[in-house]
Amino acid sequence: MGKFYITTAIDYCNAEPHLGHAFEKVGADAIARYHRLLGDDVRFVTGTDEHGQTVLQAAQERGVDPQQFVDRMVEHFRRAWDRLGIAYDDFIRTTEPRHAPAVQALLRRMADNGDITPGVYEGHYCVGCEAFKQEKDLVNGRCPEHPGREVTWTREENYFFRLSRYRDPLLRWLDERPEFVEPEIRRNEVRNVLLEGLQDISVSRARFPWGIAFPGDRDHTVYVWFDALTNYLSAVGYPDERYREWWPADLHVVGKGITRFHCIVWPAMLLSAGVELPRRVWAHGYVTWGGTKLSKSAGVVITLDSAIDRYGPDPLRYFLLREVPWDGDGAFSWARFDERYVADLANDLGNLANRTVNMIQRYRHGFTPRASADALEHVAFEVLERYRSAMDADLLHEGLAASFRLVDVGNAFVEESAPWNLAKEPSHAAKLDEVIGGLARLLARVAILLTPFMPSKTQELWTAISGREGPPPDLGTYGDPDVGGGRVRVGPVLFPKPPSAA
RNA sequence: GGCGGCGUAGCUCAACUGGUAGAGCAGCGGAGUCAUAAUCCGUUGGUUGGGGGUUCGAGUCCCUCCGCCGCUACCA
């Protein structure tokens with residue numbers, strides 16, 4: 001199988017992670033795990049973006065130096081991802097020693113190519129914020145943060161990247177490889193921006209201390225975007241040649257809000273530096289809350305920890321990826337979360353597992369019968385096909401929907417075959433083996449399919465029905481899952497229902 | 001303002017190039033007992049945002065109105 005290098009956006013750590021951050025990590029993790037399930041050699045990288053104005057400000061507000069501040073902040077992210085079972089292979093921080101050399105090397109290559117030139121950046125400047133402001137950021141011509149002060153029109157000498165050069169090459173690239181930007185709506189947006197034309201973009205900041213030293217000019221630091229984007233390379237060892245072991249990235253998972261940086265600026269940087277382009281960028285949508293995007297302000301309304309605490313990490317992973325389409329926005333609400341947890345996880349899946357294990361315990365002294373091809377084979381392969389085509393297209397919510405069809409079929413199958421009646425007649429022993437053995441096979445398949453989404457619960461499920469420790473086997477075993485012969489584990493139910501729903 | 005998207009049953013969403021409006025959840029009725037009062041079967045429910053047009057026929061195409069939303073580059 002092939003290699004698969006997948007990244008998420010690195011999070012800007014000026015505040016604690018919220019559901020929106022979690023959605024991206026959980027989705028990327030599911031994709032990474034799916035590829036592991038396929039047998040691919042996967043490298044999954046996430047991390048934090050720790051330089052820049054806003055971080056510095058946040059640190060100053062708390063009266064600590066920025067490095068101390070990010071050191072503390074990054075632990076919140078790591079802890080959150082650990083809680084959620086995000087199985088990253090590497091966690092890159094832009095303040096790590098390994099990162100700056102990559103940024104500087106990349107910029108030198110770009111400069112060697114004649115794409116870095118001195119220039120003047122002009123704009124509104126708010127002294128209170130010590131930051132440039134866009135026209136759209138101003139309210140009545142003043143900075144909303146410091147309405148008592150005039151914004152001034154400021155010029156700053158800094159370095160520019162000749163982004164405009166790359167309009168045509170990027171357009172061509174996009175037209176030849178439509179999969180480069182997905183979903184399609186984002187591709188169209190990127191295409192529009194390109195058609196409108198590109199301006200050169202500044203890549204340095206003068207007199208700004210919290211950043212990477214600009215190569216060749218001690219008075220400048222690297223503009224944060226150039227710093228941050230390069231993490232995808234530094235994480236795999238660039239500029240050392242060993243970066244080629246993983247590069248080019250197979251998939252950058254980012255939020256739709258930063259599409260252009262990843263689909264225009266970043267590839268242009270790489271073209272300039274003579275580095276291969278990533279194969280695909282996926283711009284996911286947002287988790288909304290009451291109709292608005294979840295952001296730092298809305299993060300107060302619902303904390304990530306409270307969402308995890310509700311039912312544990314796996315149900316949250318399930319809910320986010322089932323309810324928020326991977327190619328669009330979707331809403332989070334407690335009511336909806338509860339509904340899906342109870343209906344899908346507790347009633348349908350959890351109860352099917354529970355009743356199956358109980359029947360094996362009761363009718364077969366706890367030993368899972370071996371069954372071969374059974375009545376459910378046909379639909380199992382139908383589901384596999386739908387699952388694979390959804391997952392290969394990164395449509396995670398559809399992959400989940402496909403998987404749960406197996407659960408529905410399983411429950412219907414129990415009713416039709418009524419094992420409790422078969423158990424009354426010794427002459428039906430073979431038939432009974434076939435039925436509950438078939439159910440065990442079906443649940444094993446469900447465990448396999450759902451592994452990317454609920455890594456911990458699927459392991460419990462697999463162990464419960466097969467008696468075997470460890471995670472479910474990979475997709476290659478789907479055709480003939482090895483569940484027979486083991487002793488089932490009759491333990492606590494997989495998804496206990498909250499008292500309120502019981 | 002410009003470009004783009006959306007508005008389908010109470011809720012979340014389907015419906016390929018126009019051809020008898022579907023699913024899941026919730027609700028209601030029944031069956032059943034292996035199971036987390038779970039499950040299974042059946043069923044109520046929509047003038048597809050409003051109006052007009054093209055067509056034998058439109059949720060699906062065109063026009064218009066109303067209401068949401070996205071992009072419109074140096075914020076990570």
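What you see below is based on every heavy atom in this structure, not just the backbone, and it leaves out hydrogens, waters and symmetry mates. Quick note on labels: first sequence line is chain A, next is B, and so on, each numbered from 1.
In this structure, A/His262 atom NE2 and B/A76 atom C1' are separated by 9 Å, rounded to whole Å. Rounded to an integer number of Å, the gap from A/Lys256 NZ to B/G5 C1' is 10 Å. Separating the CG atom of A/Asp327 from the C1' atom of B/U12 is a distance of 15 Å, rounded to the nearest angstrom. Rounding to whole angstrom units, CG of residue A/Asp329 and P of B/U12 are separated by 14 Å. If you take CD1 of A/Ile185 and P of B/G5, they are 8 Å apart, rounded to a whole angstrom. Between the CG atom of A/Leu195 and the P atom of B/A73 there is a distance of 15 Å, given to the nearest Å. Rounded to whole Å, the distance from CG on A/Leu229 to C1' on B/C75 is 13 Å. We find that CG of A/Asn192 is positioned 9 Å from C1' of B/U72, with the value rounded to whole Å.
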Side-chain donor-acceptor pairs under 3.5 Å in residues 418-432 of chain A, sequence neighbours left out?
unit_1   : atom_1 : unit_2   : atom_2 : d
A/Asn421 : OD1    : A/Lys424 : NZ     : 3.3

Ignoring hydrogens and angles, write down the donor-acceptor pairs under 3.5 Å from the side chains of residues 399-408 of chain A, residues two or more places apart or on other chains.
unit_1   : atom_1 : unit_2   : atom_2 : d
A/Ser403 : OG     : A/Gly399 : O      : 2.8
A/Arg405 : NH2    : A/Glu382 : OE1    : 2.7

Listing, residues 191-201 of chain A side-chain donor-acceptor contacts under 3.5 Å, not counting sequence neighbours, or none:
unit_1   : atom_1 : unit_2   : atom_2 : d
A/Arg191 : NE     : A/Asp175 : OD1    : 2.9
A/Arg191 : NH2    : A/Asp175 : OD2    : 3.2
A/Asp200 : OD1    : A/Leu163 : N      : 3.2
A/Asp200 : OD1    : A/Ser164 : N      : 3.0
A/Asp200 : OD1    : A/Ser164 : OG     : 2.7

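Listed candidates were B/U12, B/C75, B/U36. Nearest to the side chain of A/Phe495 is B/U36. Here the side chain of A/Glu189 is nearest to one of B/C74, B/G70, B/A76, namely B/G70. When distances run from any side-chain atom of A/Ala228 to the nucleotides B/A76, B/C74, B/A73, the shortest one goes to B/A76. Residue A/Tyr12 has its side chain nearest to B/A76 when only B/A73, B/A76, B/G70 are considered.
B/U60 sits 10 Å from B/U48 when the C1' atoms are compared, rounded to a whole Å. B/G4 and B/C61 have their P atoms separated by 15 Å, given to the nearest Å. The separation of B/G24 from B/G45, taken at their C1' atoms, amounts to 15 Å, rounded to a whole angstrom. Rounded to a whole angstrom, the distance from the P atom of B/G52 to that of B/U12 is 28 Å. For B/U72 and B/C63, the P atoms lie 27 Å apart once the distance is rounded to whole Å. Separating the P atom of B/A15 from that of B/U54 is a span of 29 Å, rounded to the nearest Å. Taking atom P on both nucleotides, B/U47 is separated from B/A21 by 13 Å, rounded to a whole Å. Separating the C1' atom of B/G27 from that of B/A9 is a span of 12 Å, rounded to the nearest Å.
Aromatic rings of A/Phe319 and A/Tyr341 (six-membered ring for Trp) have centroids beyond the 6.0 Å cut-off, not under it.
No hydrogens or angles considered: nothing links the side chains of A/Tyr223 and A/Asn158 as a donor-acceptor pair under 3.5 Å.
Sorted by first and then second residue, the pairs that involve residues 325-336 of chain A and meet salt bridge (charged side-chain N to carboxylate O under 4.0 Å, His left out), not counting sequence neighbours, are A/Lys256-A/Asp329, A/Glu323-A/Arg336, A/Arg336-A/Glu339.
Under 3.5 Å, the side chain of A/Ser202 and the base of B/C74 form at least one donor-acceptor pair of N or O atoms.
A salt bridge does not link A/Arg340 with A/Asp348: none of the charged nitrogens is closer than 4.0 Å to a carboxylate oxygen. Comment: A/Asp90 engages A/Arg98 in a salt bridge, judged by a side-chain N to carboxylate O separation of less than 4.0 angstrom.
Residue contacts for A/Ile10: at a heavy-atom cut-off of 4.0 Å it reaches no nucleic acid atom on any strand shown. Using a 4.0 Å heavy-atom distance criterion, A/Ala346 is classed as a base contact. A/Gln199 comes within contact range of at least one nucleobase, with a heavy-atom separation under 4.0 Å. Among the heavy atoms of the strands lying under 4.0 Å from A/Leu163 is at least one base atom, whether or not backbone atoms are also near. No contact: A/Gly47 has no heavy atom under 4.0 Å from any strand.
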Heavy-atom protein contacts under 4.0 Å, nucleotides 22-35 of chain B, coded B base, S sugar-phosphate only, - none: ---S-------SBB
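Remark: side-chain polar atoms of A/His51 are not paired, donor with acceptor, to backbone N or O of A/Val224 under 3.5 angstrom. In terms of modelled atom types and a separation under 3.5 Å, the side chain of A/Arg317 and the main chain of A/Phe453 share a donor-acceptor contact.
Contact check for A/Met454 versus A/Phe495: side-chain heavy atoms found under the 4.5 Å cut-off.
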Dot-bracket encoding of pairs in RNA chain B, which uses [ ] for pseudoknotted crossings and | for another strand, Watson-Crick or G-U under 3.5 angstrom: (((((((..((((.....[..)))).(((((.......))))).....(((((..]....))))))))))))....
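Residue A/Lys497 places at least one side-chain N or O under 4.0 Å from the OP1 or OP2 atom of B/A38.
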